[in-house]
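All remarks here apply to the structure that follows.
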Amino acid sequence: GYNDEEIDAIAEWFAAREWKNSNNAIDKTLAARGKSLSESCASCHGEQGEGAEEIPRISGQPAKYLYKSMTEYRDNLRNSEGGASLMAEFEEMSNEDMKALAEYYSGLQ
């Protein structure tokens, strides 16, 4: 494992890197449905999923990764500071809706 100083150094290194847009192939029909579901995500992650300060960027991430993250929050396999309560909405969301959200955010630059 890494100590706190090493973790901070790694985080700073990644944070200093320029963002490179992805060219993720997405299902446009699912993405359109996901856009209609994105309001609650946008309240923290930003209108375009760009993130802010401690809130991670979700736009442009691979859809499979985003979907996996959502299901891990739903199943209490993933937690972050304040994340469990903030991500509780996934408990009420269908897998299809989570896939649609993942497609939508994956297609954003």
Side-chain angles (χ1 to χ4, degrees):
Y2 297 104
N3 65 37
D4 288 345
E5 288 176 6
E6 292 168 324
I7 292 170
D8 288 344
I10 293 167
E12 287 176 25
W13 185 86
F14 277 109
R17 299 289 154 293
E18 182 179 334
W19 177 259
K20 294 185 182 189
N21 285 328
S22 61
N23 292 320
N24 296 329
I26 61 164
D27 178 321
K28 292 183 181 187
T29 303
L30 267 180
R33 189 166 140 230
K35 182 176 183 178
S36 70
L37 300 167
S38 67
E39 185 178 322
S40 62
C41 300
S43 65
C44 292
H45 291 279
E47 288 298 316
Q48 296 296 305
E50 69 277 8
E53 298 191 25
E54 299 294 319
I55 306 295
R57 178 185 190 103
I58 55 176
S59 61
Q61 300 292 340
K64 286 182 181 183
Y65 167 76
L66 292 171
Y67 175 73
K68 182 177 186 286
S69 297
M70 288 182 238
T71 60
E72 286 175 348
Y73 276 114
R74 178 197 63 206
D75 298 339
N76 293 314
L77 298 173
R78 179 182 282 210
N79 197 358
S80 62
E81 194 171 311
S85 62
L86 295 173
M87 302 298 184
E89 68 189 80
F90 293 130
E91 293 174 12
E92 304 296 322
M93 194 175 284
S94 71
N95 286 340
E96 291 76 26
D97 284 348
M98 285 189 274
K99 286 178 183 177
L101 271 173
E103 289 291 324
Y104 170 67
Y105 280 108
S106 182
L108 294 177
Q109 299 294 313

Rounded to the nearest 0.5 Å, how far apart are CD of Q48 and CD1 of I58?
-> 10.5 Å

Answer with yes or no whether the side chains of S59 and E50 bring together a donor and an acceptor at under 3.5 Å.
-> no

Any donor-acceptor N/O pair, H45 side chain to R57 backbone, under 3.5 Å = no

Looking at residues at least two apart in the chain, or sitting in another chain, which of them share a side chain to side chain contact (heavy atoms under 4.5 Å, CB included) with A42?
-> E47, Y105

Min side-chain heavy-atom separation N95-R74 under 4.5 Å | yes

Taken in chain and number order and not counting sequence neighbours, the residues that satisfy salt bridge (Lys or Arg N to Asp or Glu O under 4.0 Å) with K64 are none

Considering only heavy atoms from C-beta outward, does the side chain of I10 approach that of Y2 to under 4.5 Å?
-> yes

Heavy atoms, side chains only, cut-off 4.5 Å: are N3 and E6 in contact?
-> yes

Those residues that, when tested against D27, pass side chain to side chain contact (heavy atoms under 4.5 Å, CB included) (two or more places apart) = T29, L30, E103

Which pair of heavy atoms, one from A102 and one from A63, lies closest together, and at what distance?
-> CB-O, 3.4 Å

Could you tell me which non-hydrogen atom of S106 sits nearest to which non-hydrogen atom of N24, and how far apart they are?
-> OG-ND2, 3.0 Å

Could you give the distance from CG (D97) to OG (S36), rounded to the nearest 0.5 Å?
-> 8.0 Å

Within-4.5 Å side-chain heavy-atom neighbours: L66 and L101 = no

Inter-residue atom distance Q109.CD - W19.CH2, 0.5 Å rounding | 9.0 Å

Less than 4.5 Å apart, any side-chain heavy atom of F90 and any of D75?
-> no

Between K99 and Y67, is NZ or CZ placed under 6.0 angstrom from the six-membered ring centre and within 45° of the ring axis?
-> yes

According to a 4.5 Å side-chain heavy-atom criterion applied to Ile, Leu, Val, Met, Phe, Trp and Tyr, with indirect links allowed, do I55 and M70 form part of one hydrophobic cluster?
-> no

Closest contact, heavy atoms only, S40 versus S43 | O-OG, 2.7 Å

At their closest point, which heavy atom of M98 faces which heavy atom of M93, and how far apart are they?
-> CG-SD, 3.6 Å

Atom pair CD1/NZ of I26 and K28 - distance to nearest 0.5 Å | 7.0 Å

